Amino acid sequence: MNIVITEKASKILTEKINDHQGHLKLKYDTEGCGCVVSGVPILWYVEKPDEVDDIEIETNFRPILVEKSKMVFLDEELKIDYSLDSNTFRLVSPAQIINGRMGFKLYPEE
């Protein structure tokens, strides 16, 4: 898997993360979606990786955690961008917009 984080997204992430210690994670969130195949990707900043399911992917910005069991729902080539119009992150691939209004959570409850 190859993940590129744009300069705009890197700048906003740096501001949001500030001096917090932890790991950036691309979470496939299924909360309230009804079933595991109906999730949406969201960015989380977590204190520590899930030792069982998280794998670390190198990016041009900083490593990002991805849930190994949910990688099937993501494309091989991904780009994380930031939209100034909607003030949200965007997850896109060459084939599709995966989440055009992707949120960010700092230390969410799991």
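Because the structure is a prediction, the values reported are computed rather than measured. All values below come from the heavy atoms of this structure, side chains included, with hydrogens, waters and symmetry mates left out.
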Task: Close side-chain approach of Y45 and H20, heavy atoms under 4.5 Å - done: yes

Task: Parallel, tilted or perpendicular: ring planes of Y28 versus F73, cut at 30 and 60 degrees - done: parallel

Task: Beyond-backbone contact of D29 with P41, side-chain heavy atoms, under 4.5 angstrom - done: no

Open item on the list: Less than 4.5 Å apart, side chain to side chain, heavy atoms only: is that true for M102 and I80?
Closed with: yes

Open item on the list: Is there a side-chain contact between L65 and W44 in this structure, where contact means two heavy atoms from C-beta onward sitting under 4.5 Å apart?
Closed with: no

Task: Donor-acceptor side-chain pairing of D75 and Q96 below 3.5 angstrom - done: yes

Task: Atom CD of E15 with >12 non-hydrogen neighbours under 6.0 angstrom - done: yes

TODO: Indicate the ring-plane relationship of F89 and F104, choosing parallel, tilted or perpendicular according to the 30° and 60° boundaries.
DONE: tilted

- [ ] For the residue pair L43 and K105, establish whether any side-chain heavy-atom pair is separated by less than 4.5 Å.
- [x] no

Task: E7 atom CD, over 12 foreign heavy atoms within 6.0 Å - done: no

Open item on the list: With a 4.5 Å cut-off on side-chain heavy atoms, are L13 and L24 touching?
Closed with: yes

Task: I3 and K79, any side-chain heavy atoms less than 4.5 Å apart - done: no

Open item on the list: Are K8 and I12 packed together at the side-chain level, in the sense that at least one heavy-atom pair is separated by less than 4.5 angstrom?
Closed with: no

Open item on the list: For K25, is there an ion pair with D54 - N to carboxylate O distance below 4.0 angstrom?
Closed with: yes

